[in-house]
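It should be emphasised that the depicted structure is a prediction, and the values quoted were computed from it without experimental measurement. Residue numbers start at 1 and run along the sequence shown. No hydrogens, no waters, no symmetry mates; every other heavy atom, side chains included, goes into these values.
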Amino acid sequence: MRLASTAKKIFAANKALLVFFGVMMVFRSAFADWMLVPTGSMNPTIVEGDRILVNKMAYGLRIPFTMSRLTNGENPKRGDIVIFPSPKDGTTLVKRVVGLPGETVEMRDERLMINGKSVDYSTSNVDDADLPQATRKYRHEIVAEKLSGQPHPIMTLPERSAARTFGPVHVPDGEYLVLGDNRDNSEDSRYIGFIPRDSIYGRAFGVAYSLDADRWYRPRFDRTLTTLR
C-alpha cells in the first residue's frame with residue numbers, strides 16, 4: 001500500500017511534465033520535427049552537424065506514430081528536400097526531388113535532362129567553408145543547378161567513382177526520382193530506386209542550428225535559423 005501511495009504521489013507531482021513530453025512526442029511524430037544530419041550526401045546544401053527542421057504536414061497529416069494519412073496534402077514538388085526511409089534498410093534519408101511521376105529523366109556526365117530538356121547549370125557563389133575537412137581535402141566542384149526556376153548548389157567529386165550517367169528512365173505513377181546534392185557521394189534513386197509517394201513523410205525547410213565537429217563542435221552561427229533551398 002505504501003509503495004502504491006508513493007508511486008501515485010510521484011505521478012501526481014510529475015503529471016504536467018509527462019503530459020508535456022507526451023504532447024511533444026505526438027507533435028514531432030505528426031506535425032513537425034528536427035533531425036541531426038550525420039552524413040554529407042546533401043553537401044553543400046546540408047552539411048554534417050546541421051540540425052534540420054522538418055514539416056511533417058507538408059504532404060498530408062498523419063496519424064501520430066504511423067504512416068497512415070488523415071489528409072492527402074500536396075504532392076512533392078521538383079526541388080523539394082524530402083525525408084523518407086530507405087527502401088533497403090529503413091534508414092532515414094534526406095534527398096532532393098528531381099523526377100516527378102510520369103516524367104523521363106536521364107543524366108549525362110553529371111548533367112540532368114528531364115523530358116528531353118536539359119537542366120540549366122551555372123556558376124555558384126556558395127563556398128566550401130562549412131564542409132568538413134575530410135571532404136575539402138578532395139578535389140570538388142560546386143555549381144548551381146536550376147530546377148523549376150529555383151537554383152540550388154550541387155557538388156561533384158571528380159576523382160570519386162560514381163554513377164554520373166544513367167537513363168533515360170521513366171518515373172512510375174505515384175513514385176519519385178530523388179538525388180543527393182552531393183552527386184558523387186549519395187545513395188539515392190540511382191542505387192535504391194524510385195521512392196513511393198506514401199513513404200515520403202516530410203519536407204526539410206530550414207536549419208535550426210549547426211555544430212562543427214572539426215572545431216570542437218563550435219556553433220556555425222552563419223547556418224543558424226537559415227532556410228533550405
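Shown here for M35 and T92, the closest heavy-atom pair between the two residues is CE-CG2, 3.7 Å. Across P44 and P153, no two heavy atoms sit closer than the pair CG-CB, 3.7 Å. The minimum heavy-atom distance linking A208 with T224 is given by the pair O-CG2, 3.3 Å. When every heavy atom of P85 is checked against every heavy atom of Y201, the shortest pair comes out as CD-CE2, 3.8 Å. Nearest heavy atom pair, residue G99 against residue V105, reads CA-CG2, 3.8 Å. Heavy atoms only, all atoms of each residue included: I192 and P87 are closest at CD1-CD, 3.8 Å.
Within the structure, every pair that satisfies the salt bridge (Lys or Arg N to Asp or Glu O under 4.0 Å) test and touches residues 92-101, not counting sequence neighbours, is listed here: R96-D181. For residues 147-174, the salt bridge (Lys or Arg N to Asp or Glu O under 4.0 Å) pairs, not counting sequence neighbours, are E110-R164, R139-E159, R164-D184.
Although no hydrogens or angles enter the test, the distance criterion places no donor-acceptor pair under 3.5 Å between the side chain of S86 and the main chain of G90. Using modelled atom types, no side-chain atom of D188 and backbone atom of Y191 make a donor-acceptor pair closer than 3.5 Å. Counting only distance, with no hydrogens or angles, the side chain of S189 and the backbone of V178 share a donor-acceptor pair below 3.5 Å. The backbone N or O of A58 lies less than 3.5 Å from no partner atom in the side chain of R203, so there is not a single donor-acceptor pair.
Atom CZ of R229 is surrounded by 12 or fewer heavy atoms from other residues, nucleotides or ligands within 6.0 Å.
With sequence neighbours excluded, no residue forms a side chain to side chain donor-acceptor pair (under 3.5 Å) with K146. By the side chain to side chain donor-acceptor pair (under 3.5 Å) test, S124 pairs with no residue at all, sequence neighbours left out. Residues forming a side-chain contact (heavy atoms from CB on, under 4.5 Å) with L100 (at least two apart in sequence, or on another chain): R78, V97, E103, Y176. Considering only residues two or more places apart in sequence or on other chains, R108 meets the side chain to side chain donor-acceptor pair (under 3.5 Å) condition with E106. Scanning for side chain to side chain donor-acceptor pair (under 3.5 Å) contacts around Y59 gives D80, with sequence neighbours left out.
I46 and M155 fall into different hydrophobic clusters, where Ile, Leu, Val, Met, Phe, Trp and Tyr are joined by side-chain heavy atoms under 4.5 Å apart, directly or via other members. Cluster membership for L179 and V94, using ILVMFWY side-chain heavy atoms within less than 4.5 angstrom, is not shared. Cluster membership for F166 and F194, using ILVMFWY side-chain heavy atoms within less than 4.5 angstrom, is shared. The hydrophobic clustering, which links ILVMFWY residues whose side-chain heavy atoms are closer than 4.5 Å, places V47 and I142 together.
Under the 4.5 Å side-chain criterion, counting only non-hydrogen atoms from C-beta, M42 is not in contact with D50. Between T165 and D109 there is a side-chain heavy-atom pair separated by less than 4.5 Å. Contact annotation: the side chain of F205 never approaches that of L228 to less than 4.5 Å [non-hydrogen atoms, C-beta and beyond].
A salt bridge does not link D222 to R220: none of the charged nitrogens lies less than 4.0 Å from a carboxylate oxygen.
Atom-to-atom distance recorded for I81:CD1 and N55:CG is 13.0 Å, nearest 0.5 angstrom. The distance from the CD1 atom of I195 to the CG atom of D198 is 12.5 Å, given to the nearest 0.5 Å. Here M107 contributes atom CE and R183 contributes atom CZ; the two are 5.0 Å apart, rounded to the nearest 0.5 Å. Here the OG1 atom belonging to T45 is positioned 11.0 Å from the CD1 atom belonging to I52, to the nearest 0.5 angstrom. Annotation: the span from L36 atom CG to E48 atom CD amounts to 10.0 Å, rounded to 0.5 Å. Atom CG in L93 sits 8.0 Å away from atom OG in S186 (nearest 0.5 Å).
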Just distance, no hydrogens or angles: give the donor-acceptor pairs under 3.5 Å from side chains in residues 114-122, sequence neighbours left out.
from	atom 1	to	atom 2	distance (Å)
N115	OD1	T104	N	2.9
Y121	OH	L112	N	3.0
Y121	OH	E145	OE2	2.7

Output side-chain donor-acceptor pairs under 3.5 Å for residues 125-133, partner residues at least two apart or in another chain, one line each.
from	atom 1	to	atom 2	distance (Å)
D127	OD1	A129	N	3.1
D128	OD2	H140	NE2	2.8

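For S41 and N182, the side-chain atoms include no donor-acceptor pair closer than 3.5 Å.
Chaining together hydrophobic side chains whose heavy atoms lie under 4.5 Å apart places Y209 alongside L211, Y217. In the hydrophobic clustering, L225 connects to no other residue, as no ILVMFWY side-chain heavy atoms lie under 4.5 Å from its own. Applying the 4.5 Å side-chain rule to ILVMFWY residues, one finds that W216 remains a lone member of its cluster.
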